[in-house]
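Take a look at the structure below.
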Amino acid sequence: MDKKKVIGWVVTLALTLFCWCVPTSFYGIEELTVMQQRIIAIFVFAACMWITEAIPIWATSGVIMALMLLTTSTSMLDFMASGDNLGDPIKYQTIMHEFANPTVMLFMGGFVLAIAASKYKLDANLARVVIRLFGTKPKMVMLGFITITALLSMFMSNTATAAMMVAILVPVLASLPESDNKGKVGLALAIPVAANIGGLGTPIGTPPNVTAVGYLKDLMGIEVSFLQWMLVMVPVVIVILLVSWLFLGSVFKSNQKEIVIKIDGTWDTSREAIIVYVTFAVTVLLWVFGNKIGETTTLGLNSYVVALIPFAVFVITGVFKKADLAKIDWDVLWLVAGGFALGVGINETKLADLLVSTIPFGTWSPMLVILGSGLLCVFMSTFMSNSASAALLIPILITVGKGMESQLEPFGGITTLIVGLAMAASLAMALPISTPPNAIAYSKGFIKQKEMVYVGIFVGVVGLIVGYLVLIFAGKAGLLT
């Protein structure tokens, strides 16, 4: 085990044991129970592990759930169930249900679609068709790459999308003359920017989106439909990407008159491929139009149920094989489930209610909380997984939001706070380590770190301004409730 991981373990265990073992009176919160104190300690454990990555972030989620089951559930160890001021335990079924939380299933459905689309080259063929539509002028070629990368990232892993698009772009960059270094940098940076921003467009585009939707539904009773999310966030994506395109095109201007993109390939017309094309289209349409919109229903299907339709179709028709199951990003699903389990602990032990009644959130400035949480999330996500950042901060912000609901109302309510935080997590892209798409693009050697920092900070600032303005307007208009 390397030195950093050892330090991570030592710090984590020391802080966790301290929070676990001190008297409840140490926290200065009247009526704090032992069960609530244990949840605080487990939260500290999760925070330290996710920040230090002493073990993989998905493994931390598994440990969180095991600790909760052993020490805070109705099936806890016998010696953990004795003592004064214990508090009410959590039903063990409630904790274990988070493995199959509807929001986790929604994300899994997105993975299944993405795997099938990649297997039968739907993604590559869409890229080939769309990029051709933009012609050969350098600035339009860049817009073509931005457009298809963002579109694919709405429904596929942005890591997989970036990897595919960079693979398409590398031969093009290699063919450009050395004198067009700026043009190369601009095109290379366009991929991670589009992949990171494109994921904002749908609830399944990135793990922080899924986490936000899940917490709003489970803890606040606010169900944001697929269409509602897209109506608000797709305009945000379009504006940010257009500004980014203009910025990249002017700062990293190509000196070429034209850039010819050649992407080989043909549409697969096999039975399995046709099933994938049709199922993909039908699933997206059902996600957008098949669920509840306000008080109106169309087919009465919510997004979570729709997510299982492609899986059922693919396994029945033989499109999805046993080997394809291994390609699902189970580590991401475990991470999301662990985050939800933390929320369950905070909510079911009444820790959230206790904090709301104890801490004077109502005196805090709502705009400072909204913008401050977004900036904090951007900062954290620049240096650690944006999924882990969201999993840590969203439960805290839910509690804060409950304590100042009336103050947040003029700014769109608690939905603006939580969706804004998810958005901020995806806007952290200043370093190669900030996101996998950044790392993929940087690894090809066409980009210097200072160029990525420059562009990442610019896109992040623009994104926060545009995003929060749209979210506040949407919240006031009731588009996300």
Side-chain angles (χ1 to χ4, degrees), residues 124 127-128 130-153 158-159 161-200 237-264 378 382 426-466:
R128 179 169 55 86
V130 172
I131 289 174
R132 283 180 178 175
L133 298 176
F134 287 84
T136 59
K137 290 184 178 179
K139 204 166 184 179
M140 295 308 295
V141 169
M142 181 188 291
L143 182 59
F145 272 99
I146 288 174
T147 301
I148 188 58
T149 303
L151 281 172
L152 291 174
S153 292
N158 58 10
T159 305
T161 300
M164 183 190 73
M165 297 306 295
V166 166
I168 292 172
L169 185 61
V170 165
V172 177
L173 297 179
S175 69
L176 296 177
E178 290 294 326
S179 60
D180 192 24
N181 185 59
K182 282 192 173 183
K184 291 181 180 182
V185 173
L187 280 171
L189 283 169
I191 301 299
V193 168
N196 292 324
I197 301 301
L200 290 172
V237 169
I238 292 172
V239 173
I240 296 173
L241 288 181
L242 283 176
V243 174
S244 301
W245 169 58
L246 293 172
F247 177 76
L248 288 170
S250 59
V251 175
F252 302 102
K253 190 173 183 178
S254 174
N255 59 22
Q256 301 299 297
K257 289 185 177 180
E258 67 172 14
I259 297 176
V260 179
I261 306 293
K262 293 182 180 179
I263 307 175
D264 297 327
V378 169
T382 299
S426 293
L427 292 173
M429 59 185 86
L431 297 173
I433 62 169
S434 298
T435 69
N438 280 23
I440 291 167
Y442 182 78
S443 69
K444 299 303 177 182
F446 295 102
I447 307 167
K448 294 178 181 177
Q449 182 164 306
K450 64 179 181 180
E451 293 164 337
M452 183 167 280
V453 170
Y454 180 47
V455 171
I457 291 174
F458 174 83
V459 175
V461 170
V462 169
L464 285 173
I465 294 170
V466 173

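Both backbone and side-chain heavy atoms feed into the values below; hydrogens, waters and symmetry mates do not. For this chain, numbers begin at 1 and follow the sequence in order. Please read all numbers here as calculations on a predicted model, not as lab measurements.
Atoms NZ and CG, from Lys182 and Leu187 in turn, are 14.5 Å apart once rounded to the nearest 0.5 Å. Note that the CD1 atom of Ile146 and the CG atom of Leu242 stand 8.5 Å from one another [nearest 0.5 Å]. Distance check, rounded to the nearest 0.5 Å: CD of Gln449 to CD1 of Ile433 gives 8.0 Å. In this structure, Ile447 CD1 and Leu189 CG are separated by 4.0 Å, a value rounded to the nearest 0.5 Å. Summarising the geometry, atom CE belonging to Met140 is positioned 12.5 Å from atom CD1 belonging to Ile259; distances are rounded to the nearest 0.5 Å. A distance of 13.0 Å separates NZ of Lys137 from CG of Leu143, quoted to the nearest 0.5 Å.
Contacts classified as side chain to side chain donor-acceptor pair (under 3.5 Å) and involving residues 161-179 (residues at least two apart or in different chains) are not found. Listed by first and then second residue, the ring pair (Phe, Tyr, Trp, His ring centres under 6.0 Å) pairs that reach into residues 433-455 are Phe247-Tyr454, sequence neighbours excluded.
Looking at every heavy atom in both residues, Ser153 comes nearest to Ala195 through OG-CA, 3.3 Å. The two residues Ala430 and Thr382 come nearest to each other via the heavy atoms CB-CG2, 4.4 Å. Contact between Leu173 and Ala188 at its shortest, heavy atoms only, is CD1-CB, 4.1 Å. Taking both residues in full, the closest heavy atoms of Ala150 and Leu241 are given as CB-CD1, 3.4 Å, listed atom of the first, atom of the second, then distance. Closest non-hydrogen pair, Val166 versus Ala441, comes out as CG2-CA, 4.4 Å.
Between Leu246 and Lys139 there is a side-chain heavy-atom pair separated by less than 4.5 Å. Residues Ile197 and Met429 meet the side-chain proximity criterion, which asks for heavy atoms closer than 4.5 Å. Looking at heavy atoms from C-beta onward, Val455 lies in side-chain contact with Phe252 at the 4.5 angstrom threshold. Here the side chains of Phe134 and Val141 are not in contact, with every heavy-atom distance at 4.5 Å or above. Residues Pro138 and Lys253 form no side-chain contact, since every pair of their non-hydrogen atoms from C-beta on lies 4.5 Å or further apart.
The side-chain hydrogen bond (donor to acceptor under 3.5 Å, both in side chains) search around Ser254 returns Asp180, not counting sequence neighbours. By the side-chain contact (heavy atoms from CB on, under 4.5 Å) test, Ala127 is found to be paired with Ile148, Met164, Met165, Ile168, residues two or more places apart in sequence or in another chain being considered. Residues that satisfy the side-chain hydrogen bond (donor to acceptor under 3.5 Å, both in side chains) test with Asn438, not counting sequence neighbours, are Asn196, Thr435. Partners of Ser244 by side-chain contact (heavy atoms from CB on, under 4.5 Å), not counting sequence neighbours, listed by chain and number: Val193, Ile240, Val459.
Put simply, the side chain of Ser434 gets close to the backbone of Leu431: a donor and an acceptor are under 3.5 Å apart. Side chain of Trp245 to main chain of Ala190: no donor-acceptor pair is present (N/O by atom type, distance under 3.5 Å, no hydrogens or angles).
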